[in-house]
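What follows is a single structure, written as C-alpha cells, with notes after it.
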Amino acid sequence: MSVENIFDLTGKVVLVTGGNSGLGLAFARGVARSGADVLIWGRDAAKNKAVLGEFSEKYPGRCAVEEVDVSDEQEVVAGIASGVERFGRLDTVFVNAGISTMQPSFLDITTPIYEALLAINQHGAFFTLREAARHMVARAEAGDPGGSLVICGSLSIGLGVPGLEHYAAAKGALNSMSKSLAVGLGRHGIRVNTIAPGYIKTEMAAANPDEGIEGLFASRTPLGRVGYPDDIQGIAVYLTSDLSSFHSGDTILIDGAMGVTLV
Ligand code: NDP
C-alpha cells in the first residue's frame with residue numbers, strides 16, 4: 001500500500017501579490033513546497049531577489065519575481081499579461097499585498113493616509129482580481145475552466161480596532177466583493193474565498209507601535225498564542241488544490257479561534 005499525496009500541486013501556477021515577505025511569502029512557500037510554480041510580486045527589488053534565490057534553491061517548481069506596484073493599474077495589467085505569457089496560465093491568485101498604517105485614533109487618519117492605504121489594499125486588490133478574472137474567464141471560454149482567487153482579509157472585517165478604520169474599510173470592502181465575485185465567476189469554475197488571519201507576527205505586525213499588542217492578542221486567543229507565517233501555509237495549499245473544488249464564497253478564519261471568542 002502506498003501513501004497518496006493528495007495535496008500535490010505540480011503543474012499549478014500560483015501568483016502571490018506581496019509575496020516577498022510576511023503572509024504572502026508564507027502562502028508562496030506553502031504552495032511551492034507542494035510543487036507549484038510560483039510568481040511573486042513586490043515593489044522591493046532586493047526582497048524579490050532574495051525570495052527568487054530561496055525558491056530556486058529549495059523548491060521543485062519554477063519561480064519568477066516581478067516588480068509590480070499593485071496600486072498602479074497599468075503595472076497590474078502588464079504584470080498579469082507577462083505572468084500568463086511566462087507560465088502559460090494562472091491557476092491561483094493570492095491577493096495579499098497590503099500595508100497597515102495604524103494611527104493613535106480615527107481622528108488622526110488624515111485624507112492622505114486614508115487614500116494611500118485604499119490605493120494599495122483596496123484598489124490594488126480590485127485591479128488584481130479583475131485582471132486575474134479576465135484571464136481565467138478567457139481560459140474557461142477556450143475550454144479550460146477553473147481557478148482560485150484568494151483574498152487576504154483580516155479579523156478587522158468583523159471586529160473593531162481603533163486607529164485602523166481605514167484598513168478595516170478596505171478589508172471589509174474586499175470581503176463583500178468576494179461574495180459577488182464567487183457568484184458571478186462560479187459558472188466558469190472559478191472559486192473565490194477570503195482568508196481572515198488573526199494576528200500573525202510578520203514585519204507589518206512588528207511595525208505596530210503598540211508594544212503590548214502581541215501579549216494582548218495571545219491572551220485573547222483560545223489557542224494561547226499569536227500566529228506565525230507558517231500557520232497559514234496549509235490553507236494556501238488547500239485553496240490551490242483540487243480538493244477545494246467545491247469551496248467558494250467563504251470567509252475562512254485562521255486565528256486560533258480568536259474571532260469567535262465572546263469570553
Ligand atoms: P508585510 O509588511 O510583511 O508584507 C507586505 C507585503 O506587501 C510585502 O511583500 C510588500 O512588498 C507588499 N506590498 C506592499 N505594498 C505593495 C504594493 N503597492 N504593491 C505590491 N506589493 C506591495 O505584511 P504582512 O505579511 O503582515 O501583510 C500581508 C497581508 O496580510 C496584508 O494584506 C495584511 O493586511 C494581511 N494581514 C496581516 C496580518 C498580520 O497580523 N500580519 C493579519 C491579517 C491580515 P514590497 O514592500 O516589496 O512592495
Side-chain angles (χ1 to χ4, degrees), residues 15-30 38-52 54 65-80 83 93-102 115-129 131 150-159 161 164 166-175 178 194-208 210 213-214 216-218 220-221 225-233 235-236 251-256 258-259:
L15 165 64
V16 185
T17 73
N20 66 21
S21 74
L23 269 69
L25 181 53
F27 293 138
R29 281 183 178 139
V38 181
L39 171 60
I40 284 171
W41 287 359
R43 297 162 303 175
D44 185 313
K47 286 198 290 182
N48 286 351
K49 192 174 167 209
V51 167
L52 183 61
E54 174 194 325
V65 293
E66 274 207 54
E67 273 175 56
V68 176
D69 180 340
V70 297
S71 68
D72 184 319
E73 183 174 6
Q74 289 318 311
E75 286 193 23
V76 173
V77 171
I80 292 285
V93 177
F94 288 90
V95 181
N96 164 79
I99 60 170
S100 164
T101 45
M102 188 166 196
E115 289 181 341
L117 185 137
L118 290 195
I120 297 173
N121 292 24
Q122 186 175 334
H123 304 157
F126 168 77
F127 301 144
T128 308
L129 287 162
E131 295 310 307
V150 184
I151 292 167
C152 187
S154 148
L155 290 185
S156 67
I157 287 168
L159 300 174
V161 188
L164 272 183
H166 52 334
Y167 178 90
K171 294 298 186 186
L174 293 181
N175 187 48
S178 72
T194 299
I195 298 172
Y199 180 90
I200 309 286
K201 200 171 174 190
T202 63
E203 271 177 45
M204 179 193 281
N208 189 310
D210 184 349
I213 198 104
E214 187 175 335
L216 180 71
F217 273 98
R220 289 190 182 173
T221 301
R225 63 171 177 86
V226 298
Y228 296 97
D230 287 354
D231 288 321
I232 48 97
Q233 286 192 15
I235 192 68
T251 303
I252 304 164
L253 271 57
I254 306 288
D255 67 342
M258 187 188 158

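Both counts, for ligands and for their atoms, begin at 1 and track the order of listing. We use all heavy atoms of the structure for the numbers below, so side chains are in, but hydrogens, waters and symmetry mates are not. The chain is numbered in sequence order, starting from 1.
- At under 3.5 Å, not a single nitrogen or oxygen of Lys201, backbone or side chain, sits near a nitrogen or oxygen of ligand 1.
- At least one heavy atom of Cys152 sits closer than 4.0 Å to an atom of ligand 1.
- Contact annotation: for Lys47 versus ligand 1, heavy atoms closer than 4.0 Å belong to the side chain alone.
- An N or O contact shorter than 3.5 Å links Asn20 to ligand 1 by distance.
- For ligand 1, the polar-atom distance check against Trp41 finds no nitrogen or oxygen pair separated by under 3.5 Å.
- For ligand 1, the polar-atom distance check finds no N/O of Gly42 at less than 3.5 Å from any of the ligand's N/O atoms.
- Below 3.5 Å of separation, one finds an N or O of Ile200 facing an N or O of ligand 1.
- Residue Ile99 has no nitrogen or oxygen atom sitting less than 3.5 Å from a nitrogen or oxygen atom of ligand 1, judged on distance alone.
- Checking Ser21, Ala170, Ala97 against atom 1 (P) of ligand 1, the nearest heavy atom belongs to Ser21.
- Where the criterion is an N or O separation shorter than 3.5 Å, residue side chain and backbone included, Pro197 fails it with respect to ligand 1.
- Contact atoms of ligand 1 toward Gly153: 43 (C), 44 (C) (distance under 4.0 Å to a heavy atom of the residue).
- In this structure Asp69 satisfies the salt bridge (Lys or Arg N to Asp or Glu O under 4.0 Å) test with no other residue, sequence neighbours excluded.
- No heavy atom of Ala26 sits closer than 4.0 Å to any atom of ligand 1.
- In terms of polar-atom proximity, Asn96 is counted as a contact of ligand 1, with an N or O under 3.5 Å from an N or O of the ligand.
- The CD1 atom of Ile232 sits 7.0 Å away from the SG atom of Cys152 when rounded to the nearest 0.5 Å.
- Shown here are the side chain to side chain donor-acceptor pair (under 3.5 Å) partners of Ser178, two or more places apart in sequence or in another chain: Thr194.
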